Chemist: 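Below are the structure tokens for one structure; questions will follow.
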Amino acid sequence: MNEKFLKPYNSAETEDSISKKWEESGYFNPDNLPERHKESFSIVLPPPNVTGVLHMGSALMLAIEDIMVRHNRMKGKKTLWIPGTDHAAIATQAKVEKEIQKKEGKSRHDLGREELIRRVDAFAKESRDTIVSQIKKMGASVDWSREAFTLDEKRNLAVRTAFKRMYDDGLIYRGYRVVNWDPKGQTTISDDEIVYEPRRSKLYTFKYSKDIPITISTTRPETKLGDTAIAVHPDDPRYQEYIGKEYDAVFAGEPIHLKVIADQVVEKEFGTGALGVTPVHSAVDWEIAQRHGLPLKQVIDEYAKVMTGMETVKGKKTAEARDAVVAWLKEEGLLEKEEEIDQNVATAERTGGIIEPLPKLQWFIGVNKEFEKDGKSATLKGLMKKAVESKSISILPDRFEKIYFNWIGNLLDWCISRQIWYGHRVPVWYRNEEIHCGVEAPSGEGWIQDEDTLDTWFSSGLWTFSTLGWPEQTEDLKNYHPTSVLETGTDILFFWVARMILMSSYLLGEVPFRTVYLHGLVRDSQGKKISKSLGNNIDPLDLIAKYGADAVRMSLIVGVGPGSDSKVGEDKVKAYKNFANKLWNITRFILTSTENSSYDPSFAEWSEADAEIMKSRDLLISEITKEMDEYKFYLVAEKIYHYSWHEFADKIIEESKAVLSGTDVKVRESRVQVLLHTHRLILKVLHPFMPFVTEEIWGEMDSGNLLLVESWPQI
RNA sequence: GCGCGAUUAGCUCAGUGGUAGAGCGUCGUCUUGACGUGACGAAGGCCGUAGGCUCAAUCCCUACAUCGCGCACCA
């Protein structure tokens, strides 16, 4: 017996050497797997953002995916798990810009486009290295030879190709309209990147001037300098006589001209039932303005400052300008009411900036635009809906299918252009009146490429196939797409999962994956959300150093079903560290008490008691094998734990002490074999969950294969 | 406002139309040769509330409450 079994299990000493063995074996790469591995099983790792380090959520993700991957590899599947990182455009650029500003006092404009990108790239590279080492620490059996980055050369080709195809089909278009402008990030963002924050704010009810008979309500008086109409409901008796009339006034120093119009969207019950229409600073008002041909008048700029009006207003930030306008309204005796209301303020997900609706010329993906697909008319929205409706994709837990459909139903065109520098540049070039969209730059002089870059989710949307070599028709693409499972957090169902379905359905004519497994949020032991600002951040690497990766994995898995949030505290992790040690001691007992025998796979002379033991053991294994295929890892982990400790160790091994010191040679040998057989089976079924300790023990029990590629028990 | 989920032991969660389960924690006993990171044992639950279906409900149905989530509204 190896001396190390005389001491308690030491995860820190074991894990690195086991990692090395796995890497040297090359088995993480399916091309190197033994002959029996035929049918494929593939997963893409949701690429972590290069903005930072891994957190508990990443650890959970890696644990679940590695369980699926190891299980399927043992089942004899040709298993591919592709790792990578995400350039996370806005988030990464914002982070690096902030650092440069802090350390050097320079803005991105001081550095220029090229230099900034160079800096961000350097940061991304460093961050990528950290992430890679963290993924390895968790024991994730990803194929590093196929690692990808959402912003590398190959993925850039995929992005340009996808853009061009959609452009040619008329699905990508350039349009001028009110978009979500983030003054903090200095870029537009999509509807999905908005986070609504509930706040108390004031609703002001007032008249534009003494001469205008209609009273309106707003939470944003400072935008009213840009009003060009008052809208009322067509059936509202209070305002019938005014419809069609026009008024002039000077509002907070700004001359305005208002036309009273009737529109169905106005709610009679809200406020005064009359709505001041600000065409370019509200998406709803923009629509109204379009229907009625109203003039457009911008009064707020990209820095959220008011561009016009009297001295106390002009050049001021919106909040300050609002107070000034209200003060003016009071002075003029125009303010009728001021009340507190609950409001949801739109903020940018990445920067926290308050969204300012602004009119902009941007690139969009038209989700309702009809195009020819296999000779039939289709829309992107329709494709996204059909993929799930037809059960080509199933989502776990299935209640998220409803949430998905709900989202699709409300979906508007996707704004994909961003005014930042870090990202895939829009593959469109301009020369005078000419426009060229292409995979490559046009030849000839004088072409200027579009300054904008693409929403990071555009490139992420291609991930299941861009990582496999698309647009080239590679072997990998043929072998591994559609991927088997997509495992990710519930929070990016729309951002990512839906966009992948869109891109794959449109570009490849097939779903990107068969099953979506969604995990919830990892919270601290009090149930609070883990965040740096709350100071309750848990670093998975600290836990691994203290308790071992196996213990961390188990603690994240047990009792946590798909879609539900979990709570993790050190106590739980510690419990599974103890379990790893228990397995260690079980092994020591077996090694010492079976010294004179060896494992005999074809042994058949079982004693009556041992036949009983095998019967209930095999029942358990067939049960958990079924549950593994149903993604019930949270149950399986607990069952194996329970069987190993409270059945195998506490009952079977305890009872064996007497049997093994008995005189009946046949009964003794039967018991030795049942211990050896059961021990091996436990190691096998536990391996996907606790890969390190099981591999280490396996190495001691068996000089042959790595447990990594042993076959899952066939019962 | 619409929709979804949760509510079971001190805590975290399984579970089934017929006497309630696990882990952790708590308490007690044990220096037994695999392991004190342990063993054995114990305490602890009107299974959110109120109705209904049923011979029988923690489980099915209805309403309500509380917590959480998604969407919409946000003039």
Side-chain angles (χ1 to χ4, degrees), chain A residues 1 5-11 196-199 201 203-206 215-221 223-224 227 230-232 265-267 269-278 281-285 288 341-346 397-411 490-491 493-494 520-521 523 525-527 529 547-548 551 554-555 558-561 563-593 632 634-635 637-639 641-642 645-646 649-651 653-654 656-657 661 675:
Chain A
M1 182 170 65
F5 279 95
L6 299 175
K7 292 180 297 186
Y9 176 62
N10 185 326
S11 58
Y196 290 99
E197 279 182 17
R199 282 187 203 169
S201 49
L203 181 68
Y204 303 94
T205 301
F206 60 89
T215 306
I216 63 150
S217 298
T218 185
T219 50
R220 301 201 55 193
T223 65
K224 301 286 107 183
D227 282 13
I230 298 171
V232 298
V265 301
V266 181
E267 279 184 41
E269 286 72 29
F270 192 95
T272 62
L275 161 65
V277 183
T278 323
H281 298 299
S282 151
V284 179
D285 293 11
I288 297 174
I341 58 159
D342 289 312
Q343 212 201 193
N344 283 328
V345 177
D398 60 7
R399 65 191 152 90
F400 280 91
E401 292 184 359
K402 283 179 202 159
I403 296 174
Y404 176 82
F405 289 131
N406 193 329
W407 177 81
I408 302 252
N410 294 313
L411 192 58
T490 54
D491 51 338
L493 177 62
F494 307 140
L521 230 53
R523 298 170 179 277
S525 54
Q526 322 293 318
K529 203 166 166 172
Y547 303 106
M554 280 296 272
S555 70
V558 172
V560 183
S564 55
D565 291 356
S566 56
K567 297 181 192 178
V568 171
E570 280 204 37
D571 281 352
K572 193 171 178 187
V573 187
K574 204 172 149 192
Y576 293 105
K577 177 197 160 75
N578 292 350
F579 179 50
N581 192 54
K582 186 74 185 181
L583 288 170
W584 199 249
N585 286 310
I586 287 172
T587 304
R588 184 190 308 158
F589 175 83
I590 289 184
L591 285 170
T592 51
S593 57
K632 292 179 179 167
Y634 55 106
L635 287 182
E638 196 177 346
K639 283 183 183 179
Y641 171 93
H642 197 255
W645 200 317
H646 301 299
D650 288 348
K651 300 214 171 81
I653 285 183
E654 283 307 320
S656 298
K657 289 172 183 170
S661 61
L675 289 175

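Values below: all heavy atoms of this structure, side chains included; hydrogens, waters and symmetry mates excluded. This one's a predicted model, so the numbers in the text were calculated from it and none came from an experiment. Labels below follow one simple rule: chain letters A, B, ... track the order of the sequence lines, proteins then strands, and each chain is numbered from 1.
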Chemist: Quick one: the side chain of A:Y196 and the base of B:C74, do they pair up donor-acceptor inside 3.5 Å?
Modeler: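 Present.
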Chemist: State, with a plain yes or no, whether a side-chain heavy atom of A:D227 is found less than 4.5 Å away from one of A:V277.
Modeler: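 A:D227 does not reach A:V277 side chain to side chain.
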Chemist: Kindly indicate whether the side chain of A:T587, heavy atoms from C-beta on, has any atom under 4.5 Å from the side chain of A:F5.
Modeler: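 In short, these two side chains touch, coming nearer than 4.5 Å.
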Chemist: Would you measure the distance from the C1' atom in B:G21 across to the matching atom in B:G15 and give it in whole Å?
Modeler: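 So the two C1' atoms sit 7 Å from each other.
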Chemist: Considering just the side-chain nitrogens and oxygens of A:W407, establish if one lies under 4.0 Å of OP1 or OP2 belonging to B:A72.
Modeler: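 So the side-chain polar atoms of A:W407 never come under 4.0 Å of the phosphate oxygens OP1 or OP2 of B:A72.
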Chemist: Determine yes or no for a side-chain-to-main-chain donor-acceptor pair under 3.5 angstrom, with A:D565 supplying the side chain and A:G520 the backbone.
Modeler: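 No: the side chain of A:D565 does not pair with the backbone of A:G520.
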Chemist: Anything under 3.5 Å between a donor and an acceptor, one on a side chain of residues 569-577 of chain A, the other on a protein residue two or more places apart or in another chain? List them.
Modeler:
from	atom 1	to	atom 2	distance (Å)
A:E570	OE1	A:K546	NZ	3.0
A:E570	OE1	A:Y547	OH	2.5
A:K572	NZ	A:S555	O	3.1
A:K572	NZ	A:V558	O	3.0

Chemist: Please name the pair of heavy atoms, one in A:R588 and one in A:K7, separated by the smallest distance, quoted to 0.1 Å.
Modeler: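 For A:R588 and A:K7, the tightest heavy-atom pair comes out as NH2-O, 3.5 Å.
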Chemist: Can you sort out the partners of A:R199 under side chain to side chain contact (heavy atoms under 4.5 Å, CB included), two or more places apart, ordered by chain and number?
Modeler: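 A:R199 satisfies side chain to side chain contact (heavy atoms under 4.5 Å, CB included) with A:E197, A:V345, A:T347, A:I354 once adjacent residues are dropped.
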Chemist: What string of B, S and - do you get for nucleotides 25-30 of chain B, 5' to 3', if B is base contact, S is sugar-phosphate-only contact and - is no contact with any protein heavy atom under 4.0 Å?
Modeler: ------
Chemist: Sticking with atom C1', work out how far B:A9 lies from B:G44, rounded to a whole angstrom.
Modeler: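 Here B:A9 and B:G44 have their C1' atoms 6 Å from each other.
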Chemist: Where are the stems of RNA chain B, defined as at least 3 consecutive Watson-Crick or wobble G-U pairs with both distances under 3.5 Å?
Modeler: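 Stems (3+ consecutive pairs) listed as B:1-7 with B:65-71, B:10-13 with B:21-24, B:26-30 with B:38-42, B:48-52 with B:60-64.
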Chemist: Using a cut-off of 4.0 Å on non-hydrogen atoms, how would the nucleic acid contact of A:F494 be classed: base, sugar-phosphate, or nothing?
Modeler: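 Sugar-phosphate contact only - A:F494 comes under 4.0 Å of backbone atoms but never of a base.
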Chemist: A:G563 and A:F400: which non-hydrogen atoms are nearest, and at how many Å?
Modeler: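 Distance-wise, the nearest heavy atoms are CA-CE1, 4.2 Å.
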Chemist: When we call it a touch if two heavy atoms are under 4.0 Å apart, what does A:L635 touch: a base, just sugar-phosphate, or nothing?
Modeler: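 Sugar-phosphate only.
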Chemist: Minimum heavy-atom separation for A:T272 and A:I216, please, with both atom names.
Modeler: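 Where A:T272 meets A:I216 most closely, the heavy atoms are OG1-CA, 3.6 Å.
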Chemist: Counting only side-chain nitrogens and oxygens, does A:N344 get under 4.0 Å of the OP1 or OP2 atom of B:C73?
Modeler: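 So the side-chain polar atoms of A:N344 never come under 4.0 Å of the phosphate oxygens OP1 or OP2 of B:C73.
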Chemist: Measure from the side-chain N and O atoms of A:K582 to the backbone N and O of A:W645, and report whether any donor-acceptor pair falls under 3.5 Å.
Modeler: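 Answer holds: no.
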Chemist: Would you say A:N585 and A:F589 make side-chain contact, with heavy atoms under 4.5 Å?
Modeler: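 A side-chain contact under 4.5 Å is absent here.
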Chemist: By nearest atom, which of the nucleotides B:C71, B:C24, B:C35 is closest to the A:A575 side chain?
Modeler: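 The answer is B:C24, which lies nearest to the side chain.
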Chemist: Heavy atoms only, 4.0 Å cut-off, all strands: where does A:T219 land among base, sugar-phosphate and nothing?
Modeler: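 Touches sugar-phosphate only.
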Chemist: Could you pull out the protein-nucleic contacts involving nucleotides 32-34 of chain B (nitrogen or oxygen on both sides, under 3.5 Å)?
Modeler:
from	atom 1	to	atom 2	distance (Å)
B:A34	OP1	A:K657	NZ	3.1
B:A34	O2'	A:R588	NH1	2.9
B:A34	N7	A:K657	NZ	3.4
B:A34	N6	A:A649	O	3.4
B:A34	N6	A:E654	OE2	3.0
B:A34	N3	A:N585	O	3.0

Chemist: Phosphate oxygens OP1/OP2 of B:A39: is one of them under 4.0 Å from a side-chain N or O of A:H646?
Modeler: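 Checking B:A39 against A:H646, no side-chain N or O comes under 4.0 Å of OP1 or OP2.
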Chemist: Please examine the side chains of A:I288 and A:L275, heavy atoms only from C-beta on, and report whether any two atoms are closer than 4.5 Å.
Modeler: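 Counting from C-beta outward, A:L275 and A:I288 do come under 4.5 Å.
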Chemist: Please write out the pairs of protein N or O atoms and N or O atoms of nucleotides 5-12 of chain B separated by less than 3.5 Å, giving the distance to one decimal.
Modeler:
from	atom 1	to	atom 2	distance (Å)
B:U12	OP1	A:K567	NZ	2.8

Chemist: Go nucleotide by nucleotide along RNA chain B from the 5' end; which of A:E267 and A:N578 gets its closest nucleotide reached first?
Modeler: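 Result: A:N578.
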Chemist: Please check: side-chain N/O of A:S282 versus main-chain N/O of A:D285, any donor-acceptor pairing under 3.5 Å?
Modeler: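 Answer holds: yes.
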Chemist: Base, sugar-phosphate alone, or nothing: which one does A:V266 contact when heavy atoms must sit under 4.0 Å apart?
Modeler: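 Touches a base.
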